[in-house]
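These notes are about the structure you will find just below.
In what follows, chains carry the letters A, B, and so on, assigned in the order in which the sequence lines appear, proteins first and then strands, with residues in each chain numbered from 1.
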Amino acid sequence: MINVYKKLLSYAKEKQHFLFMTIVFSVLAAFLQVSGFYYLFRLLEHIILLDEMSNVKRYALMIAGVLAGGGILYFLSLIVSHLFAFRIETNLRKYGIDGLIRASFKFFDVNSSGRIRKLIDDNAAQTHMAVAHLIPDNTGALITPVLVLILGFFISLRVGMVLLVLTMVSLLLLKLMMGERQFMKTYQASLEKLSSETVEYIRGMQVVKIFGVDVKSFKALHTAIKEYAYNALNYSLSSKRPYVLFQEMFFAIVALLIPFILLFADLGSDARRLSLELIMVFFLSGVLFTYIMKVMYLSMYVFQAQDAVSKLERLYEEMQEDVLRFGGRTEFKHYAIEFDHVSFGYKKDSMILDDVSFTLEENRSYALVGPSGSGKTTIAKLISGFYTINDGEIRIGGEPITSYTKEALTGAISFVFQNSKLFKTTIYENIALAKKDASREEVFQAMRLAGVDDIVSKFKDGENTIIGSKGVYLSGGEKQRVAIARAILKDAKIVIFDEASAAIDPDNEHELQKAFSNLMKEKTVIMIAHRLSTIRNVDEILVMENGKIIERGSDKELMGFDSKYKRFQETYKIANDWRVADESVF
Amino acid sequence: MKAFFKKSFALTDQGATDLVKSSLATFVTFFMNMLPAMLLMLFFDKTLLLDERSDMVYHLLSVGIVLVMYLTLSIEYSSLYNATYKESENLRIDIARNIRDLPLSYFSKHDLTDLAQTIMADVATLEHALSHAIAKLIGFVGFFVVISAMLLTGNTTLALCVLCPTLTYFLLLLLSKRVQTRSFNKYYQKLRKNSDSFQEAIELQMEIQSFGMSGYIKKKLYREVEESEKIHIKSEFVGATIAGLAGLILYLTHILVIVAGAGLLAKGEIHILYFLGYLLAGFKIKEGSEAISFNMVEIFYVGSAVKRINEIRNAKRQEGEDTELTNFDIELKNVSFSYDDNTDVLEDMSFVAKQNEVTALVGKSGCGKTSVLRLVSRLYDATGGEILVSNEDIKNISTRTLFDKISIVFQDVTLFDTSVMENIRIGKPNATDEEVKKAARLANCEEFIQKLENGYHTLIGENGANLSGGERQRLSIARAFLKDAPIILLDEIVAALDVENEKKIQESLNKLTKNKTVLIISHRLKSIQNVNKIVVIDNGKVESEGKHGDLIKKSKVYKDLIDKTALAESFVY
């Protein structure tokens, strides 16, 4: 329990005093609450034992004042604990942001964006719910029963003993029900199973409907639902007896005591005193019940808070795996790129690049060619320093890329991604972000060279059109042109172009080609092109297969013998000339 | 009552019945829990007023009360908890069934994780409320009404002292809820905005790193979460203050009962037993009210979960009759369509795709050609006009009959985490292994399947994670072969592939499309030059239609596209 506090506290150090205030307030609240019952006792003492009415009004006000004071303090402690909890939530989100900003690219490859966002969102929110109630209720639940017992013994030994026994037995019964911790685990596990089955079920729904299959994955979901319900029901059944007894003890305490009183107490002389004590037992057992019930919810809150924080921490750890390292070098001697026995894989057991070595000269153009999955895009990403390699070294300008500062490295390379993405802001801003102090003229120049001026002329707001607003649609090819404009503005020495084959439409392809050739001028260029006819003039072509470079040379050289490259070019030609319903194929 | 419960809490029939039962059980339990207090009063009658009742009466009453309470508490427990888990099971199954019957468009419009959330988290929320809050509250309301009447018949003044603060308390709580809901909406909107920003930051990770924007993004996100903390505090503050005030008002119960009671007692107008009785009632009702207020809060929160569940239940179903389809021409008649009821994607579109012919749709990106395929496959329903198959509007054909006659091969292929064999068999659930293998051969799959560890029995991982894009696509073509439907829709399927894969797929496509009604979209204009009919779409309308040779002459859009393709093809960097 203390560990949970410590952990939570570590996420909101600047609001430490809130935690202490909450605890102080709730301790005072508990104290006032119980003293309310003390004054009630005095009042009843006057009425029942002494038959005296004169002080009644005073006591009434005392009771009400003390109880109300306790109420106010409890309320204050709740407010402070909410503020504390909100801050924890905020800080946990910030913690997530820090993680995101520094996370490795591998992390983003492995986890879907929706899942990451949901994990951060849900768990941060979950902690706030738990923390807000955990602290005040926890303190109250620990202090109040003790104070009630003290008051009980103050009233009389008999009352104290009855309340003590009641507390002990109820704690024992609670313990019986608290297979809970174990149950929480089983429960959580079956919930998670249920959740993954549900996702699978929904994911397959389209196919299932179109093919008219009787929902196959439904069986798994059905089982998961049943299992979950079964676990929950079993727990519920096992807790039934202790919980019913627990309630019975508190609610029926008077009925349980009266026979004993009749059998063992001397009603003749002690009747009034006994009545007073009995009524106090009735009141105080009610207070005990309320707080012991809270203990039950508490274990749930503790579990939730712990679970949420540890989920976030695990996610954060994952983010930090393979985080990139940078050095202090800011200047490049030149921009030649060297791969020296580089091996790399997204997973430890399967390497995508296997002991690859090559050098790319400055200011020359290169094309990477090979079947999908051969490692072309991976090479491009590794040059940009997006991943930590498993073995070997990558150098730019003769120095390992890890020896440069992050700014220097990202400043030296422009990467036009296959699925270039745009921020939800104006098209102008989307381009201008590539160079901090770019003048308007420079941005427009880049737009012209990338053919973005054609795109913006379609919209009535021109370059101020906001991406993602109503009726604004950019095709994949158009998005890539915006990305190329960015790269032109950035004017980095090394340019990498991963052509978006899927997103290209005939309307766009030529514009894209023109845009990219504007970007290529006087740069070290690495391109991954899908239209093989376009790369015939690049300085060198690197042919890849299964994570290795198997051929390298100019188009002319490679076409000169029975190369893989030649085969690719020939297949490409056939594929490009293929026609649907072409009789000659049959 | 049952119907009301069913609607208010999105329950099944059984669930609503159980809720009625459990509410009744808690109602009775509340009364039974009063018995000890009554016994106490009776006992005071003996101890304070020296009534001459025999001890045996008290013994019997005590034992009787203990037994009766045990019985009612047990019944209440079973009716609350055990029934709840049964209900959550039924509810989940019911929602899963409902989801199965939703139109495909529902899935395109909604986030899958949101849907999954509804089955999972929302039912869990509801489940907790059902076992802990709802029946208790209902039982309490009933109990409160009856006990109020009983108190009032005793001593009106003291009864009012107990009841007025309690009623005020609940009224204030309801008020605070209303205030809170209003300000909460603002907070939720902010949260949603934050989520969008987070999502953007995650999705644009590469861009952010490449352009050194991390610092900027971090600051922006920090600012947003700080703002949302402020809004959160504000949104809870008003409601919380009212609720806090309400809590204080509840203490009036004690003051009023003690002061008024003592006054009456002093004047000799009431008996001491009355005084003690109302004092007990005051304390117990206050305790009960506080406990119930937690339940109320929980029920307030259940609202959004209930709303989401009901939304799925009430979503519009695609209707239509099972129809014998005899001819498979597809005819679009003045079809119009928009995704958001605002901007028309298709306007007054008409053309015919004939049986045994290949019809290709061409046009610039964003012209609406993909929407046409979505309409024909009833992923969406047209907003105007009609689409005819077998001279029947497809809106009147049950999706079951229609889907039976259509094969769709789209860019994104959904595969299941099971064997290759089973993934293909989805095309025709009762196909023999031999038929599956034949389809795989026709789709050029056999070669790569045989290379897999266990051949056809290899498990392919979640959504076929272990297969390349080309291989996945070929599996989906194998499904289409197996299904052998008379209508085939192809959307841009070779776009994302490398040449090797592309060639293989092309070969199998020519076999697949033979003697079928084929509707195809392809960016590669050359590939569709020989089809029977090309429909040129521009801005959601048919610009012209015909064969390649005619269109070159008469269609400006088509000619333009052809010219641009030629430029792209002859381009060399």
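Looking only at heavy-atom pairs under 4.5 Å with chain B, the residue among Ala483(A), Pro259(A), Ser533(A) that has the most is Pro259(A). By number of non-hydrogen pairs under 4.5 angstrom with chain B, the leading residue of Gly411(A), Ala271(A), Ala255(A) is Ala255(A). Highest contact tally toward chain B, considering only Leu237(A), Val538(A), Thr290(A), is held by Leu237(A) [criterion: heavy-atom pairs under 4.5 Å]. Note on Lys421(A), Gln513(A), Met520(A): by heavy-atom pairs under 4.5 Å with chain B, the leading option is Gln513(A). Between chain A and the residues Ile562(B), Thr84(B), Leu276(B), the largest count of heavy-atom pairs under 4.5 Å involves Leu276(B). Among the candidates Met206(B), Lys564(B), Lys428(B), the residue making the largest number of heavy-atom pairs closer than 4.5 Å to chain A is Met206(B). Highest contact tally toward chain A, considering only Lys218(B), Lys364(B), Arg479(B), His232(B), is held by His232(B) [criterion: heavy-atom pairs under 4.5 Å]. Comparing Glu203(B), Gln529(B), Gln209(B) by heavy-atom pairs within less than 4.5 Å of chain A, the highest count is held by Gln209(B). For the options Met293(A), Glu248(A), Arg93(A), heavy-atom pairs under 4.5 Å to chain B are most numerous at Glu248(A). With chain B as the partner, the residue from Thr410(A), Ile574(A), Ile101(A) showing the most heavy-atom pairs under 4.5 Å is Ile101(A).
The distance from atom CD1 of Ile258(B) to atom CG of Leu43(A), rounded to the nearest 0.5 Å, is 5.5 Å. Rounding to the nearest 0.5 Å gives a distance of 9.0 Å between CG of Leu204(B) and NZ of Lys424(A). Separation of atoms CG (Leu262(A)) and OG1 (Thr47(B)) is listed at 10.0 Å; rounding is to 0.5 Å. The distance from atom CG of Leu67(A) to atom CD1 of Ile255(B), rounded to the nearest 0.5 Å, is 9.0 Å. The CD atom of Glu236(B) sits 10.0 Å away from atom CD1 of Ile79(A), with the distance rounded to the nearest 0.5 Å. To the nearest 0.5 Å, atom CD1 of residue Ile279(A) and atom CG of residue Leu279(B) are 6.0 Å apart.
Heavy atoms of Phe282(A) lying under 4.5 Å from chain B belong to its backbone as well as its side chain. Residue Ile72(A) touches chain B through both its backbone and its side chain, counting heavy-atom pairs closer than 4.5 Å. Contact of Ser384(A) with chain B is not made at all, since no heavy-atom distance falls under 4.5 Å. Within the 4.5 angstrom heavy-atom criterion, only side-chain atoms of Leu248(B), from C-beta onward, approach chain A. Only the side chain of Ile272(B) comes within contact range of chain A, with heavy atoms under 4.5 Å apart. Neither the backbone nor the side chain of Leu474(A) comes within contact range of chain B; no heavy atoms are under 4.5 Å apart. Of the atoms belonging to Tyr228(A), it is side-chain heavy atoms, and not backbone ones, that fall under 4.5 Å from chain B. Leu102(B) touches chain A through its backbone: at least one of N, CA, C or O sits under 4.5 Å from a heavy atom, while the side chain does not. Neither the backbone nor the side chain of Leu35(B) has a heavy atom closer than 4.5 Å to any heavy atom of chain A. Heavy atoms of Glu207(B) lying under 4.5 Å from chain A belong to its backbone as well as its side chain. Only the side chain of Glu127(B) comes within less than 4.5 Å of a heavy atom of chain A; its backbone N, CA, C and O stay farther away. Proximity to chain B is limited to the side chain of Asp121(A), based on heavy atoms less than 4.5 angstrom apart. Contacts between Glu407(A) and chain B at a heavy-atom distance below 4.5 Å are absent for every atom of the residue. With a 4.5 Å cut-off on non-hydrogen atoms, His254(B) touches chain A through its side chain but not through its backbone. Only the side chain of Lys284(B) comes within contact range of chain A, with heavy atoms under 4.5 Å apart. For Tyr59(A), no part lies under 4.5 angstrom from a heavy atom of chain B. In this structure, chain B has heavy atoms under 4.5 Å from both the backbone and the side chain of Ser239(A). For chain A, no part of Ala360(B) is nearby; none of its heavy atoms comes within less than 4.5 Å. In this structure, chain B has a heavy atom under 4.5 Å from the side chain of Phe105(A), while its backbone stays farther away. For Phe289(A), no part lies under 4.5 angstrom from a heavy atom of chain B. Of the two parts of Ala266(B), the backbone and the side chain both hold a non-hydrogen atom closer than 4.5 Å to a non-hydrogen atom of chain A. Contacts of Phe86(A) with chain B are made by both backbone and side-chain atoms, with heavy-atom separations under 4.5 Å. Residue Tyr216(B) does not touch chain A at all, counting heavy-atom pairs closer than 4.5 Å. Only the side chain of Tyr77(B) comes within contact range of chain A, with heavy atoms under 4.5 Å apart. Contacts of Phe44(B) with chain A are made by side-chain atoms alone, with heavy-atom separations under 4.5 Å and no backbone atom involved. Interface residue Ile120(A): only side-chain heavy atoms are found under 4.5 Å from chain B. Heavy-atom distances place the side chain of Met213(B), and not its backbone, under 4.5 Å from chain A. Proximity to chain B (any heavy atom under 4.5 Å) is restricted, for Ile261(A), to the side chain, taken from C-beta onward.
Looking at every heavy atom in both residues, Gln205(B) comes nearest to Ala103(A) through NE2-O, 4.5 Å. Of all the heavy atoms in Leu256(A) and Val66(B), the pair that sits closest is CD2-CG2, 3.8 Å. Taking each heavy atom of Tyr85(B) and Ser236(A) in turn, the nearest pair found is CE1-CB, 3.7 Å. Here the closest heavy-atom approach between residue Tyr201(A) and residue Ala96(B) is recorded as OH-O, 2.6 Å. The shortest heavy-atom contact between Ala252(A) and Met69(B) is CB-SD, 3.7 Å. Of all heavy-atom pairs between Val254(A) and Pro36(B), the closest is CG1-O, 3.9 Å.
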What's the verdict on side chain to side chain contact (heavy atoms under 4.5 Å, CB included) for Leu221(A) and Arg92(B), showing C-alpha distance, side-chain angles and the deciding distance? CA-CA 10 Å; Leu221(A) 178 64; Arg92(B) 285 199 168 96; over 6 Å; no

From CA spacing to verdict: salt bridge (Lys or Arg N to Asp or Glu O under 4.0 Å), Arg87(A), Glu229(B): CA-CA 7 Å; Arg87(A) 180 50 58 91; Glu229(B) 184 184 322; 3.0 Å; yes

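Residues Lys226(A) and Glu89(B) are paired through a salt bridge, judged by an N-O separation under 4.0 Å between the basic side chain and the carboxylate. With respect to Lys94(A) and Glu226(B), a salt bridge is recorded, a charged nitrogen being found less than 4.0 Å from a carboxylate O.
Side chain of Lys490(A) to main chain of Ser210(B): a donor-acceptor pair is present (N/O by atom type, distance under 3.5 Å, no hydrogens or angles).
The aromatic rings of Phe516(A) and Tyr573(B) sit perpendicular, their planes meeting at an angle over 60°, well past the 30° parallel limit.
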